[in-house]
Asks: 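One structure, pasted below without further comment.
Owing to the predicted nature of the structure, the values given are computational and were not obtained by experimental measurement. Here is how names work: the chains are called A, B, and so on, in the same order as the sequence lines, proteins then strands, and each is numbered from 1.
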Number of protein chains: 2
Amino acid sequence: MTIQKRRERERAERERLIVTAARELAEAEGWDAVTTRRLADEIEYSQPVLYSHFKGKGAIMAAVAVQGCEELAGELRAARTAAGSAREALAAVGRAYTAFARRRPALYDVIFTLDVDLPFATPEAPAALQDAFGELLQAVQPIAAEGEDMGALTETYWAGLHGLVTLMRSGRLPEEAHERRLGLFIGHFVPQGTD
Amino acid sequence: MTIQKRRERERAERERLIVTAARELAEAEGWDAVTTRRLADEIEYSQPVLYSHFKGKGAIMAAVAVQGCEELAGELRAARTAAGSAREALAAVGRAYTAFARRRPALYDVIFTLDVDLPFATPEAPAALQDAFGELLQAVQPIAAEGEDMGALTETYWAGLHGLVTLMRSGRLPEEAHERRLGLFIGHFVPQGTD
DNA sequence: CGTCGATTTCTAGCAGCGCTAGGGACAAGA
DNA sequence: TCTTGTCCCTAGCGCTGCTAGAAATCGACG
């Protein structure tokens, strides 16, 4: 009984260890450096142990993605609630989003660019993903015009931010003009004369 | 002399063959299926031959990207010049861009998402890339407000399209609402009351 | 206390990847 | 015919994600 419990606890602990190691390794050296052998070394177990916890490397990455998304959702919420007006809130959330992407590129990639089979845009999507989207939704809501599709509008805002971030991070947009582009995007997104 | 020329011609021919094979394989089965072994099989030469033409797999992908970008630039231009008003032209270019991404996902990926060390956003960027960007620029120009930074504005428009496309294609945005999102994006991008 | 049975973990290996060293075939010139 | 130089292929390196099967460990029971 207690033995069983202890084992489960230890297993859960080790699982956390794997996810943490993957995350730290990715943040330090990028996802290319995260190989199953390297990860096994890091946690001081052999490779097959990883597969007794996760279906494969993709599942480990998905776990990191969920963790990262919780962090993102928190930062978006903080930015939104700290802002004064609705307009400022939208801008603040946009800035927080792109700032997250730049500060934590590995996390951003595993959530939003690498394919890692997490369910998105469905009820089965992890809570963290829905929370993050919810933050965007709440920021977009007040500036929506009468009768606009809120979901689609939020998705559109999100996509704009995502595009700015990914093109910049892949070297396709010059880094130095990021703030200007972001300002233009947010400015064009808010209907003129909205408070 | 003539022998030399014939050899050079044959070499150039084989190089074209490699790029075409890579492109077709990628379009048919995705870039994961494009391995150097598979490519060598396809062109009926051994693997090392590829490396006598290109520095590596990345260089082959870059060549495909340039080809694909020429195609994209052509489609953007056609869309732009066929439109009536400036506003319609911007919308048409946006639709043409996302349509290209959906119709030729492998080409789109190699140009805009996979990293393939092509110089972007510099004078050394291949002409095809500059042409495609130029088409966007010409579509954005007429709807820009007084004194707006044209380059940054175009980049922002591009980023929005790119975000919509990549999030949708990776399954993060539901496919069915694409048209609605695209309409919202373009609508918000054009300042109210612009002709 | 010693042995059995089950669970856990490791060693070793598979098939694939991008890439390359070195040798053999083949054609052009003496 | 023999040499020279070019071209191309075979074979292999070190790496990847992943897994089968042996080994070791630990709890339970006689």
Asks: Look at the side chain of A:Tyr51 and decide which nucleotide, out of D:dC8, D:dC18, C:dG18, has an atom nearest to it.
Replies: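 The closest nucleotide is D:dC18.
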Asks: Between atom CG in A:Leu50 and atom P in C:dT8, what is the gap in whole Å?
Replies: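 Answer to the nearest Å: 16 Å.
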Asks: How long is the line joining CE of B:Met61 and P of C:dC17, in whole Å?
Replies: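 Roughly 14 Å, once rounded to whole Å.
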Asks: Choose from C:dG18, D:dC9, C:dC10 the nucleotide whose nearest atom is closest to any side-chain atom of B:Lys57.
Replies: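 The answer is C:dG18.
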Asks: Just the rounded figure in Å: distance from C1' of C:dT9 to NE2 of A:His53.
Replies: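 Nearest whole value for this atom pair: 11 Å.
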Asks: Between D:dT25 atom C1' and A:Tyr45 atom OH, what is the distance in whole Å?
Replies: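 Those two atoms, OH and C1', are 13 Å apart.
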Asks: For DNA chain D, whose closest nucleotide is more 5', that of B:Pro48 or that of A:Asp32?
Replies: B:Pro48
Asks: Between B:Arg104 and B:Glu75, does at least one N-O distance fall below 4.0 Å, as a salt bridge requires?
Replies: no
Asks: Ignoring hydrogens and angles, answer whether the base of D:dC9 and the side-chain atoms of B:Gln47 contain a donor-acceptor pair closer than 3.5 Å.
Replies: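 No such pair is found, so the answer is no.
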Asks: Classify the nucleic acid contact of B:Arg14 as base, sugar-phosphate or nothing, counting any heavy atom under 4.0 Å across all strands shown.
Replies: sugar-phosphate
Asks: Does the side chain of A:Arg37 pick up a donor-acceptor pair with the side chain of A:Thr35 at under 3.5 Å?
Replies: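 The criterion, which ignores hydrogens and geometry beyond distance, is not satisfied for A:Thr35 and A:Arg37.
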Asks: Classify the ring geometry between A:Phe120 and A:Trp158 as parallel (under 30°), tilted (30 to 60°) or perpendicular (over 60°).
Replies: parallel
Asks: Is B:Ser46 touching bases, backbone alone, or none of the nucleic acid, heavy atoms closer than 4.0 Å?
Replies: base
Asks: Would you mind telling me which of C:dG18, D:dC9, C:dT11 lies closest to the side-chain atoms of B:Thr35?
Replies: C:dG18
Asks: For the residue pair B:Phe185 and A:Phe185, categorise the inter-ring angle as parallel (less than 30°), tilted (30 to 60°) or perpendicular (more than 60°).
Replies: tilted
Asks: Calculate the interatomic distance between B:Trp31 atom CH2 and C:dG16 atom P; express it in whole Å.
Replies: 21 Å
Asks: Distance check: side-chain N/O of B:Arg37 vs OP1/OP2 of D:dC9, anything under 4.0 Å?
Replies: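 False: B:Arg37 side-chain N/O out of range (4.0 Å or more) of D:dC9 OP1/OP2.
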Asks: State whether A:Arg102 and A:Glu175 are salt-bridged, where the test is any N-O pair (Lys NZ or Arg NE/NH1/NH2 against Asp/Glu carboxylate O) under 4.0 Å.
Replies: yes
Asks: According to a strict under-4.0 Å criterion, is B:Thr36 in side-chain N/O contact with OP1 or OP2 of C:dC19?
Replies: no
Asks: Could you check how far CD1 of A:Ile43 sits from P of C:dC10, rounded to whole Å?
Replies: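 These atoms are roughly 9 Å apart.
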Asks: Using whole Å, report how far CD1 of A:Ile18 lies from P of C:dT9.
Replies: 10 Å
Asks: Just how far, in rounded Å, is P of D:dG17 from CG of A:Leu114?
Replies: 13 Å
